[in-house]
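Numbers here are sequence positions counted from 1. Counting convention: from 1, in listed order, for ligands and their atoms alike.
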Amino acid sequence: MPEPLIRERTDSMAVKKRSSSCTAVAPSSTANLGPGYDVFGLALDALYDRVRITKVAGKNSGRITIKMSDGAIPAALESNSAGLVIKKMAQDFAITDDLDVVVKKGVPAGYGMGSSAASAAAAAVAFAGLYKLKIDRNKLVEYAAEGEVASAGARHYDNVSASVLGGFIISSVGQDGTIRFIRIEPPKDLLIVVAVPSIPVPAKKTEVARSVLPREVPLKSAVHNVSGASTIVAGFALGDVEMIGRGIDDDVIVEPARKHLIPGYDSVRKNALAAGALAVTISGAGPSMIAFLKGKTKRKQVIKAMEAGFSEAGVKCRTFACGPSKGARIVV
Ligand SMILES: Nc1ncnc2c1ncn2[C@@H]1O[C@H](COP(=O)(O)OP(=O)(O)O)[C@@H](O)[C@H]1O
Ligand SMILES: N[C@@H](CCOP(=O)(O)O)C(=O)O
């Protein structure tokens, strides 16, 4: 369910004297949007992670300690997306303060809503805020992408760019390694319904879901996906939700290879389309399914349809409707 942004309680005077801290929040996100594998990301105004970084006064052995609100996620620096980001930023800016990091999870880990990315994005923004670093937001995305190594085994930019920058983002990595992000403000009447199935997911689910993808694709499929992806971009640029929907529904490469990982995929998709969704796809690497609608009129019907679809496969799910979100920000 959407979690309201709650401002961090003001630290006591005693704590303030000993240390200084910075807190940032970052939104959940959906990646790919069908044919835009590893390129498209959309920030979702549904769930948020919060990261607070506190300098431990008078200690500069470079020790970074992470405390997680969700005990199922490893708190070890190298295995935690926020930890990897902070470690890399501390190295690059030669910061040796001891740091205490508290990660409050709002985005469930492993369900295709950019959970590791939300922690990584909030960590990058909080670290830059704490040390008042003059780095542009694109560079912040690059730092946040360090965190994806903890979950996906690779630096993919789609979730982190959306979490840091907000809105709809196109990430491109040039042949020379140059990374560029293009942000388009999503149309106001774009509504999103997410269904999160209650099924166990493997640790490093994204790495697993990436391993089932074909290494090479037929030219015909590549052409097909380029046309779908171009339609999505045109839809965002023109503010045309129906056009966005037409493009999303056109992935012939990634979704067919992954759908067997999601019990109920076919019925969720069929039901949601019949109930009035413009497009239905896997959110990120799954297992959540995501539907795109124009306005709120069909929202309840689509929610019911997706729940019924998972139920046909004997799977419970939780559902929510949301809009696009703005990007990560400092709250204290
Ligand atoms: N700060 C973090 N928040 C969430 N997951 C994390 C974090 N650090 C490491 N992980 C690991 O990343 C995996 C979840 O991330 P990921 O597979 O990208 O899923 P999703 O983006 O769908 O939530 C889990 O194995 C989890 O233990
Ligand atoms: N492009 C990635 C996106 C993974 O998103 P997640 O939220 O499931 O981690 C992929 O499809 O592997």
Side-chain angles (χ1 to χ4, degrees), residues 24 26-44 46-53 64 66-87 101-124 126 144-163 169-171 173 194 196-197 199-214 225 229 251 253-255 257-259 261-262 281-290:
S28 47
S29 57
T30 186
N32 304 338
L33 289 88
Y37 176 72
D38 273 2
V39 176
F40 294 165
L42 178 68
L44 298 179
L47 306 160
Y48 287 80
D49 273 11
R50 182 202 317 241
V51 173
R52 184 176 66 199
I53 308 178
I64 302 168
I66 301 187
K67 205 168 135 202
M68 297 297 300
S69 66
D70 178 342
I73 298 170
L77 201 59
E78 305 287 342
S79 319
N80 190 286
S81 60
L84 285 177
V85 173
I86 294 167
K87 184 182 167 205
V101 181
V102 178
V103 181
K104 184 161 186 290
K105 294 296 300 176
V107 187
Y111 287 88
M113 301 196 61
S115 180
S116 48
S119 293
E146 283 294 316
E148 292 296 51
V149 176
S151 57
R155 273 176 208 84
H156 62 95
Y157 296 91
D158 43 8
N159 289 110
V160 281
S161 58
S163 255
I169 308 291
I170 304 161
S171 310
V173 185
V194 186
V196 185
I199 55 171
V201 286
K204 299 204 174 190
K205 168 238 50 182
T206 300
E207 200 169 332
V208 174
R210 291 172 85 83
S211 72
V212 304
L213 299 180
N225 270 31
D251 169 29
I253 299 174
V254 173
E255 195 138 355
R258 279 181 170 167
K259 65 179 202 166
L261 300 171
I262 306 174
T281 187
I282 300 172
S283 183
S288 295
M289 299 281 292
I290 185 160

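Close approach of ligand 1 to Gly114 is summarised as follows: ligand atoms under 4.0 Å from at least one heavy atom of the residue are 21 (O). Ligand 1 places these atoms under 4.0 Å from at least one heavy atom of Ala109: 4 (C), 5 (N), 23 (O). For ligand 1, the atoms lying closer than 4.0 Å to a non-hydrogen atom of Met113 are 22 (O). Less than 4.0 angstrom separates some heavy atom of Gly110 from each of these atoms of ligand 1: 14 (C), 19 (O), 20 (P), 22 (O), 23 (O). Within the listing of ligand 1, atoms 3 (N), 4 (C), 20 (P), 21 (O), 23 (O) sit less than 4.0 angstrom from a heavy atom of Ser115. Near Ser79, with a cut-off below 4.0 Å to any heavy atom, the atoms of ligand 1 are 8 (N), 9 (C). Remark: ligand 1 atoms within the under-4.0 Å shell around heavy atoms of Tyr111 are 22 (O), 23 (O). The ligand atoms of ligand 1 that sit less than 4.0 angstrom from a heavy atom of Pro108 are 23 (O).
The nearest non-hydrogen atom to atom 1 (N) of ligand 1, considering only Ala209, Gly147, Ser119, comes from Ser119. Closest heavy-atom approach to atom 6 (C) of ligand 1 within the set Val85, Ile73, Thr30: this belongs to Ile73.
Judged as a side chain to side chain donor-acceptor pair (under 3.5 Å), and not counting sequence neighbours, Asn80 has no contacts. For Glu146, the salt bridge (Lys or Arg N to Asp or Glu O under 4.0 Å) test picks out Arg155, with sequence neighbours left out. Checked against salt bridge (Lys or Arg N to Asp or Glu O under 4.0 Å), Lys259 has the following partners two or more places apart in sequence or in another chain: Asp266.
Under the 3.5 Å distance criterion, the side-chain polar atoms of Asn32 are left unmatched by any main-chain donor or acceptor of Gly34. A distance-only check finds no donor-acceptor pair linking the side chain of Ser79 to the backbone of Pro74 [under 3.5 Å]. Side chain of Tyr157 to main chain of Ala144: no donor-acceptor pair is present (N/O by atom type, distance under 3.5 Å, no hydrogens or angles). Between the side chain of Ser163 and the backbone N or O of Val160, no donor-acceptor pair lies under 3.5 Å. A donor-acceptor pair under 3.5 Å is formed between the side chain of Asp49 and the backbone N or O of Gly106. The backbone N or O of Val212 lies less than 3.5 Å from no partner atom in the side chain of Arg258, so there is not a single donor-acceptor pair.
Between the side chains of Ser81 and Glu148, not a single donor N or O lies within less than 3.5 Å of an accepting N or O. In summary, the side chains of Asn159 and Ser29 do present a donor paired with an acceptor at a separation below 3.5 Å, with no hydrogens or angles considered.
For ligand 1, the polar-atom distance check finds no N/O of Pro74 at less than 3.5 Å from any of the ligand's N/O atoms. Checked by distance only, ligand 1 and Glu148 stay at 3.5 Å or farther apart across all their nitrogen or oxygen atoms. At a 3.5 angstrom cut-off on N or O pairs, Gly112 counts as close to ligand 1.
One finds a salt bridge joining Arg210 and Asp38 here, because a Lys/Arg side-chain nitrogen approaches an Asp/Glu carboxylate oxygen to under 4.0 Å.
For Val103, the closest heavy-atom approach to ligand 1 does not fall below 4.0 Å. Ligand 1 is approached by Lys105 to a heavy-atom distance shorter than 4.0 Å. For Ala117, the heavy-atom gap to ligand 1 stays at 4.0 angstrom or more.
Note: Ile253 CD1 to Asn225 CG = 4.0 Å, rounded to the nearest 0.5 Å.
A distance limit of 4.0 angstrom between heavy atoms and ligand 2 selects the residues Ala31, Asn32, Tyr37, Asp38, Gly112, Met113, Gly114, His156, Asp158, Asn159, Lys205, Thr206, Arg210, Arg258, Gly284, Ala285.
Each of Ile53, Ile86, Ile73, Val103 was compared with Ile66 under the side chain to side chain contact (heavy atoms under 4.5 Å, CB included) criterion, and only Val103 meets it.
Heavy atoms of Ala120 found under 4.0 angstrom from ligand 1: none, in either backbone or side chain.
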